[in-house]
Amino acid sequence: MSNGNYTKFVILSQPRTGSTLICSLLSSNPNVRCLIEPINPTTHNHHMKPIPGSRCLIPEHIIQDDLPRALDHLFSKEALPDRWVLSKRRATVSAGFKIMAHQIQGLRSEDIFWEYLHRYDIKVVIILRQNIVMQYISDLIVRRTLQCACWAGEPMVAKVEVPIGSLGANLRRIKKEKRYLLEKSKLLDRRKLMYEEFKDTVEPVGAILPWLVGEEYSPTTKLQKQNPDSMRNRVINYRALVDELQRLGFDHLIVDN
C-alpha cells in the first residue's frame, strides 16, 4: 500500500489524552484526511458519536466481518463511500484515523488489525497520559456532565465525585491498556506523545508532522485549554481520593498540577 511519499497512519490512544486534538491539527492540513474513531465497535453508546444511520461511521458488520476492506478504504487516497461518512474529502498526501485501545480490543478480528498495520508499514502515533489519575478524572467528568470532547471555545469547568470503591480497579485497567498499546506496537514505526508534553503548545505535535505527513506544515488549529488540570479543582471528594491513592500506593500520582 505504500507508494512514493504517500503516508498511511493510525493514532492509538486512551480516552482524554489529546487524540482528538491531534486529529484536528492534522486535518488542518488540506492534504491530510484524519478521521475520528471511524472504527468503533461500541458506537451505539459512545458519547462522541451520532445516532446510528447518520452515515458518519463504517457499518459495524464491515468492521467486524471484513476489517481489511474497511482499512483499505480508510488508508486510500480516494474519498470514502458516502454511506460511510458525510465528508467526501480525498487524501492527497496522507490518510489515517484514530482508534482507542478499548475499541481495538472490542474487535472480533483484533489480530487482523495488528497484522494489517505490520504488513503495510502503517505509521503509528501513540498518545498517552503520564498521570493516569487525571486521565481517569477527566474522562469521568466528560461522561457524567456530557461535555463535548473538543478543544475549542471557552474553557469549561466541572466537578465530579470519584467512585472510591472502584478507583484501584480503574487505574489498573488504564495502566493495562497503556501496556497493551506499547506492547502491540513495539515492532511498528511509531512515535509516542505524552499529553503533558503538548497540552499547552502545539510544538511537539509540529515536530512529528514531517515524519507523519511527509512535509513541513504549520497547523492552523490552536490549542485552547478546555479545563483546568488541578485535581483539587475538579474533584468533589478530593480528600477521600488522596487518602485512597495513598492506600493503594499511588502517591506519585497525587500531583496538583
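One is the number of the first residue; the rest follow in order along the sequence. These numbers come from the heavy atoms of this one structure, side chains and all, not from hydrogens, waters or symmetry mates.
Residues meeting the side chain to side chain donor-acceptor pair (under 3.5 Å) test with R173, sequence neighbours left out: N170. Applying the side chain to side chain contact (heavy atoms under 4.5 Å, CB included) rule to R90 yields the partners E78, A79; only residues at least two apart in sequence or on another chain are considered. Remark: V93 engages N31, V213, E215 in a side chain to side chain contact (heavy atoms under 4.5 Å, CB included) (not counting sequence neighbours). Legend: residues meeting side chain to side chain donor-acceptor pair (under 3.5 Å) with S94, ordered by chain and number and at least two apart, are absent. R119 pairs by the salt bridge (charged side-chain N to carboxylate O under 4.0 Å, His left out) definition with E115, not counting sequence neighbours. Among residues two or more places apart in sequence or in another chain, the side chain to side chain donor-acceptor pair (under 3.5 Å) test is passed with R191 by D189. Under the salt bridge (charged side-chain N to carboxylate O under 4.0 Å, His left out) criterion, R247 pairs with E244, not counting sequence neighbours. For E197, the side chain to side chain contact (heavy atoms under 4.5 Å, CB included) partners are M194, not counting sequence neighbours. In this structure N237 satisfies the side chain to side chain contact (heavy atoms under 4.5 Å, CB included) test together with E161, V162, I164, V235, A240, sequence neighbours excluded. Under the rule for a side chain to side chain donor-acceptor pair (under 3.5 Å), S27 has no partner lying at least two apart in sequence or in another chain. A search for salt bridge (charged side-chain N to carboxylate O under 4.0 Å, His left out) contacts involving K176 returns nothing, not counting sequence neighbours.
For F9 and F97, the distance between ring centers is not under 6.0 angstrom.
Atom CG of L128 sits about 9.0 Å away from atom CG of L193, to the nearest 0.5 Å.
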* Working for side-chain hydrogen bond (donor to acceptor under 3.5 Å, both in side chains), residues Y195 and N131 -> CA-CA 9 Å; Y195 171 87; N131 193 328; over 6 Å; no
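For the pair K77 and Y6, the cation sits on the ring face: its NZ or CZ lies under 6.0 Å from the ring centre, inside 45° of the axis.
The closest side-chain heavy-atom distance from R129 to E196 is below 4.5 Å. Residues I141 and D139 are not in side-chain contact: their nearest non-hydrogen atoms beyond the backbone lie 4.5 Å or more apart. Counting heavy atoms from C-beta outward, L71 and I122 have side chains that stay 4.5 Å or more apart.
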Compile the donor-acceptor pairs under 3.5 Å between side chains in residues 105-114 and protein atoms, sequence neighbours left out, one pair per line.
{"unit_1": "R108", "atom_1": "NH2", "unit_2": "D65", "atom_2": "OD1", "d": "2.5"}
{"unit_1": "E110", "atom_1": "OE2", "unit_2": "Y180", "atom_2": "OH", "d": "2.6"}
{"unit_1": "W114", "atom_1": "NE1", "unit_2": "Y180", "atom_2": "OH", "d": "3.1"}

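With 3.5 Å as the limit, one finds no donor-acceptor pair spanning the side chains of S13 and K98. Under the 3.5 Å distance criterion, with hydrogens and angles disregarded, a donor-acceptor pair is assigned to the side chains of D72 and Y116.
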